[in-house]
Amino acid sequence: PPDAVRIEALVNYFPYEYLPPMGAEPLTAHMEVCECPWTPEHRLARIAIKGQVMEVEDRPHSNLVFLLDVSGSMTLVKKGMKMLVERLIEKDRVAIVTYAGDAGLVLDSTTCDEKAAIMRAIDDLQPGGSTAGAAGMTLAYEIARKHFIEKGVNRVLLCTDGDFNVGVSDAGGLVGLAQEQATHTVFLSILGVG
């Protein structure tokens, strides 16, 4: 029955170990077309794009600000952030801003030679409150600009399981905030967790 197949199970069925591009090309595309099993007159197309694999020592240093929604379950977010911190090198920087009823700086920008302090700050996060995301975004961008790395990766990583429902909560206002900050080369990645 159609309800027995969850979309994530279908997507995760396929292997994703694609070969990276050769030479100076930044990307390579892998494509496959086949007959649709449930409607043979249709075709299914799978298109995958793989970028160059950069060695850790060749990548620019990172100034990351984790903007974490602590209004709900934190288990997956905490686990994911800890996995990311493990992959960072000593000169990379991490700050943690949380938001629920209001925004707060949990950990000011810290170099990754102090991973134990970063991990403790992640472990100490507690859920609670509503979702004042815009205030959190403003504070996160402020911290990212304060510790800006020239020719580095300067990024706010927003991890959330819900909507912004306190303060600026309309999509237009939030998009405008992200666009304005991108002109200062501080970029935003949004990770939906559920």
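Keep in mind that what you see is a predicted model, and the values were worked out from it rather than measured.
Considering I96, I122, V97 in turn, I96 is the only one that fulfils the side chain to side chain contact (heavy atoms under 4.5 Å, CB included) rule with L68.
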Could you give me the CA-CA distance, side-chain angles and deciding distance for T185 and F148, then say whether side-chain contact (heavy atoms from CB on, under 4.5 Å) is met? CA-CA 9 Å; T185 61; F148 189 84; 3.1 Å; yes
List the steps, then state whether side-chain contact (heavy atoms from CB on, under 4.5 Å) holds for M119 with V85. CA-CA 8 Å; M119 296 298 196; V85 169; 3.8 Å; yes
Please evaluate residues V65 and M137 with respect to the criterion side-chain contact (heavy atoms from CB on, under 4.5 Å), reporting the C-alpha separation (whole Å), side-chain torsions for both, the decisive distance (0.1 Å), and the verdict. CA-CA 10 Å; V65 180; M137 282 181 71; over 6 Å; no
Decide yes or no on side-chain contact (heavy atoms from CB on, under 4.5 Å) for L64 and L88, but give the supporting numbers first. CA-CA 10 Å; L64 304 177; L88 297 175; 4.1 Å; yes
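With K78 contributing its side chain and D123 its backbone, the two residues share a donor-acceptor pair below 3.5 Å. Between the side chain of R93 and the backbone N or O of E90 there is no donor-acceptor pair closer than 3.5 Å. In this structure a side-chain-to-backbone donor-acceptor pair under 3.5 Å is present from Q52 to G23.
Salt bridge status for D113 with K91: absent, with no side-chain N to carboxylate O gap under 4.0 Å. The pair R59-D92 meets the salt-bridge criterion, with a side-chain N (NZ, NE, NH1 or NH2) lying under 4.0 Å from an Asp/Glu carboxylate O.
For the pair L67 and L157, the minimum side-chain heavy-atom distance is 4.5 Å or more. Looking only at side-chain heavy atoms (C-beta outward), V156 and V186 come within less than 4.5 Å of each other. The shortest distance between side-chain heavy atoms of P40 and E35 falls below 4.5 Å. Residues T110 and V94 are not in side-chain contact: their nearest non-hydrogen atoms beyond the backbone lie 4.5 Å or more apart. Residues L19 and T28 are not in side-chain contact: their nearest non-hydrogen atoms beyond the backbone lie 4.5 Å or more apart. Side-chain contact check for M54 versus P60: some heavy-atom pair is nearer than 4.5 Å. The side-chain heavy atoms of I149 and N154, taken from C-beta on, include a pair separated by under 4.5 Å. A heavy-atom distance below 4.5 Å is found between the side chains of C159 and M81.
P20 approaches K50 most closely through the heavy-atom pair CA-CG, 3.7 Å. Scanning both residues, G51 and L27, for their nearest heavy atoms gives CA-CD2, 3.7 Å.
Heavy-atom contacts from other residues, nucleotides or ligands closer than 6.0 Å to CZ of R46 number more than 12. Counted within 6.0 Å of CD on E57, heavy atoms from surrounding residues, nucleotides or ligands total more than 12; the atom is thus considered enclosed. More than 12 heavy atoms of other residues, nucleotides or ligands lie within 6.0 Å of OH in Y16, so this atom counts as buried by the packing criterion.
Between the CG atom in L76 and the NZ atom in K79 there is a gap of 7.5 Å [rounded to 0.5 Å]. Distance CD1/I143 to OG1/T138: 11.5 Å, rounded to 0.5 Å. In this structure, the separation between CZ on R43 and CD on E32 is 13.0 Å, given to the nearest 0.5 Å. Between the CD1 atom in I89 and the NZ atom in K115 there is a gap of 9.0 Å [rounded to 0.5 Å]. Interatomic distance, OG of S109 versus CG of N63, reported as 5.0 Å (0.5 Å rounding). Summarising the geometry, atom SG belonging to C112 is positioned 9.5 Å from atom CD belonging to E86; distances are rounded to the nearest 0.5 Å.
Considering only residues two or more places apart in sequence or on other chains, H61 meets the side-chain hydrogen bond (donor to acceptor under 3.5 Å, both in side chains) condition with none of them. Checked against ring pair (Phe, Tyr, Trp, His ring centres under 6.0 Å), Y18 has the following partners two or more places apart in sequence or in another chain: H30.
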